[in-house]
J.: 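Sharing a structure with you now.
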Amino acid sequence: MVRLVQIIHPDLGRRIAVVEEPTLRLVSDFSSVYALGIAALQQQGTLVDVLHTHLSEETLAYDAVYQGSSPWQLLPAFDHPDSPFYCLVSGTGLTHQASAGNRQQMHEAAPENLTDSMRMYRWGLEGGRPATGKIGVQPEWFYKGNGSVLKAHHQLLEVPPFGNDGGEEPEIAGAYLIDQQGQPYSIGFCTANEFSDHVMEKKNYLYLAPSKLRYCAIGPELVVGGSFEEVKGAVSIVRENKQIWKKDIQTGEKQMVHSLANLEYHHFKYPMHRIPGQAHVHFLGAADFSFGHNIALQDGDLMEIHWEGFGRPLINPLKIWQEKESIIKVRTL
């Protein structure tokens with residue numbers, strides 16, 4: 001297992017580094033994990049093999065970078081270095097029992113009736129783990145945005161003027177790239193906060209799509225070669241230096257109604273998701289989140305997510321914009 005970070009310096013530009021606690025070892029010749037992956041494809045080797053032949057003697061103190069006191073700043077754990085438009089950010093919902101229960105509670109009209117969300121979850125229970133070579137039931141899928149929505153550790157996650165709320169969703173995200181023949185390749189996994197507007201979603205399940213069009217965070221580390229079978233973790237909310245809520249959580253294939261292979265198939269079956277050179281960040285579902293426990297986040301709250309085996313925790317402050325929503329006019333050329 002290898003842990004990678006992407007970092008940037010105001011004068012020296014981008015670099016990638018391997019985590020060797022308590023230091024970061026800089027990698028030569030590559031300024032992004034994406035570029036490292038492309039080199040592995042071109043050399044017909046593994047990402048780890050290429051990485052090991054480009055390790056430098058330069059090191060940085062990880063604590064300073066992680067805490068934000070170094071000129072080197074953390075970037076999202078994976079992105080497309082050339083343009084955010086070449087990176088598709090998406091996710092899969094209703095993969096965990098707790099998230100399905102929260103959705104059922106949000107949208108149910110009567111306790112004895114199953115919502116469409118719970119029906120879809122049960123479809124996953126019945127057909128989300130197909131035998132090898134078989135196609136399973138299709139999961140819920142949603143679009144988050146292009147790479148411009150990705151934020152790094154310690155960067156703000158914002159509730160815009162048109163938003164109703166903002167809340168953490170503790171997940172693991174997969175990082176992928178597409179080769180020149182349109183073949184998807186998995187790069188690794190990272191801790192992720194699939195930040196969403198649950199108040200908007202609660203109004204009507206048809207608002208799920210716009211509730212997902214928000215900033216989100218991944219990192220600080222990308223794990224290459226880690227296990228996604230069963231992962232334990234914790235999510236917490238800190239307000240004015242006091243922890244107001246914490247929950248132990250679990251994810252991984254053993255905790256999900258869909259196999260990873262089934263989620264990946266139903267994402268990459270679309271030709272538009274297999275464009276050569278494309279990067280993908282795909283969220284794999286939340287086990288639980290504070291909104292489901294009647295916690296309303298406030299401006300300045302810190303959202304912290306930690307998964308065992310996936311590096312240091314991901315921490316992001318919440319920013320609620322106080323400006324009123326204003327009209328954006330479309331002009332005619």
Side-chain angles (χ1 to χ4, degrees), residues 1-28 30-37 47 51 54-56 58-84 87 89 144-158 168-175 187-195 214-224 226 233 235-236 238 279 281 283 301-319:
M1 186 182 73
V2 176
R3 293 156 55 191
L4 295 172
V5 295
Q6 297 195 127
I7 52 178
I8 191 167
H9 189 282
D11 300 318
L12 303 175
R14 290 178 57 133
R15 297 288 296 271
I16 60 174
V18 175
V19 178
E20 297 178 349
E21 292 283 9
T23 62
L24 299 175
R25 182 171 300 280
L26 295 178
V27 177
S28 301
F30 299 108
S31 61
S32 67
V33 174
Y34 177 91
L36 180 67
L47 188 144
L51 179 68
H54 289 82
L55 292 178
S56 76
E58 299 175 86
T59 60
L60 301 170
Y62 192 9
D63 284 346
V65 177
Y66 181 76
Q67 294 164 6
S69 59
S70 166
W72 290 96
Q73 299 294 306
L74 285 161
L75 292 168
F78 183 71
D79 62 359
H80 196 295
D82 297 332
S83 172
C87 181
V89 184
K144 287 292 290 183
N146 59 44
S148 65
V149 304
L150 295 174
K151 297 294 184 178
H153 168 71
H154 267 325
Q155 288 188 319
L156 293 174
L157 290 179
E158 304 170 15
E168 89 295 338
E169 292 206 17
E171 307 190 22
I172 287 175
I187 298 294
F189 299 95
C190 53
T191 299
N193 185 345
E194 194 266 295
F195 188 70
R214 298 293 185 271
Y215 289 113
C216 52
I218 59 172
E221 303 172 22
L222 181 78
V223 175
V224 179
V235 54
S236 63
V238 174
V281 173
F283 290 83
D301 285 354
L302 296 179
M303 301 164 280
E304 179 172 333
I305 300 167
H306 179 238
W307 294 109
E308 294 178 10
F310 285 78
R312 297 194 183 193
L314 171 64
I315 303 173
N316 295 97
L318 177 72
K319 173 65 177 179

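Quick note: residue numbers are just sequence positions, from 1.
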J.: Give, for atom CD of Glu168 and atom SG of Cys216, the distance between the pair rounded to the nearest 0.5 Å.
T.: 14.0 Å

J.: For Phe283 versus Glu194, what's the shortest heavy-atom pair and its separation?
T.: CD2-CB, 3.4 Å

J.: Taking Phe195's backbone N and O only, do any of them form a donor-acceptor pair with Lys144's side chain (distance below 3.5 Å, no angle check)?
T.: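 Judged by distance alone, yes, a pair lies under 3.5 Å.
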
J.: Between Arg14 and Ser31 (side chain of the first, backbone of the second, donor and acceptor by atom type, cut-off under 3.5 Å), is there such a pair?
T.: yes

J.: Could you tell me which non-hydrogen atom of Ala152 sits nearest to which non-hydrogen atom of Pro76, and how far apart they are?
T.: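 Scanning both residues completely, I find the closest heavy atoms to be CB-N, 3.5 Å.
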
J.: Kindly say whether Val27 contributes a backbone atom to a donor-acceptor pair with the side chain of Arg15 at under 3.5 angstrom?
T.: yes

J.: Drop me the distance from Asn193's CG to Met303's CE, to the nearest 0.5 angstrom.
T.: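 Rounded to the nearest 0.5 Å, the CG-CE separation comes out at 5.5 Å.
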
J.: Which heavy-atom pair separates Gly219 from Cys190 by the least distance, and what is that distance?
T.: N-CB, 4.3 Å

J.: Indicate the atoms forming the closest heavy-atom contact of Trp72 with Leu12, along with that distance.
T.: CZ2-CD1, 3.7 Å

J.: If you take all heavy atoms of Ser32 and Ala35, which pair is closest and at what distance?
T.: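 Ser32 and Ala35 have their closest heavy atoms at OG-N, 3.0 Å.
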
J.: Just wondering, more than 12 heavy atoms not from Tyr215 lying within 6.0 Å of its OH?
T.: no

J.: Counting C-beta onward and ignoring hydrogens, is there a side-chain heavy-atom pair between Val238 and Ile315 closer than 4.5 Å?
T.: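 No. Closest side-chain heavy atoms not under 4.5 Å.
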
J.: Atom CD1 in Ile16, atom CG in Leu75: separation rounded to 0.5 Å?
T.: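 With rounding to 0.5 Å, CD1 (Ile16) is 11.5 Å from CG (Leu75).
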
J.: Between Leu24 and Val19, is a side chain to side chain contact (heavy atoms under 4.5 Å, CB included) present by the stated rule, with each step listed?
T.: CA-CA 5 Å; Leu24 299 175; Val19 178; 3.8 Å; yes

J.: Give the intermediate values and the outcome of side chain to side chain contact (heavy atoms under 4.5 Å, CB included) for residues Arg3 and Glu21.
T.: CA-CA 10 Å; Arg3 293 156 55 191; Glu21 292 283 9; 3.1 Å; yes

J.: For the backbone of Val33 and the side chain of Gln6, can you confirm whether one donor and one acceptor N or O come within less than 3.5 Å of each other?
T.: yes

J.: Out of curiosity, Leu318 CG to Leu156 CG, how far, rounded to the nearest 0.5 Å?
T.: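 Atom-to-atom, Leu318:CG and Leu156:CG are 8.5 Å apart.
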
J.: Could you grab the distance from atom CG of Leu26 to atom OG of Ser56, nearest 0.5 Å is fine?
T.: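 Nearest 0.5 Å value for the CG-OG distance: 5.0 Å.
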
J.: As a quick check of understanding, evaluate side chain to side chain contact (heavy atoms under 4.5 Å, CB included) for Arg312 and His153, giving each step before the final call.
T.: CA-CA 10 Å; Arg312 297 194 183 193; His153 168 71; over 6 Å; no

J.: One pair to check against side chain to side chain contact (heavy atoms under 4.5 Å, CB included): Leu4 and Val18. What are the steps and the verdict?
T.: CA-CA 5 Å; Leu4 295 172; Val18 175; 3.7 Å; yes

J.: Among Gln67, Arg25, Glu221, which residue satisfies the side chain to side chain donor-acceptor pair (under 3.5 Å) criterion with Tyr62?
T.: Glu221

J.: Kindly give the heavy-atom pair with the smallest separation between Ala192 and Ile218, and that separation in Å.
T.: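 Closest approach of Ala192 to Ile218, heavy atoms only: CB-CG2, 3.9 Å.
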
J.: Please tell me if the side chains of Cys87 and Leu150 come closer than 4.5 Å, counting only heavy atoms from C-beta onward.
T.: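 The answer is yes, as the side chains (C-beta and beyond) meet within the 4.5 Å cut-off.
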
J.: Do Asp301 and Pro317 have side chains that approach each other closer than 4.5 Å (heavy atoms only, starting at C-beta)?
T.: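 The answer is no; the side chains never approach within 4.5 Å.
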
J.: Looking at CG of Leu74 and CD1 of Ile8, how far apart are the two atoms once the value is rounded to the nearest 0.5 Å?
T.: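 It is 11.5 Å, given to the nearest 0.5 Å.
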
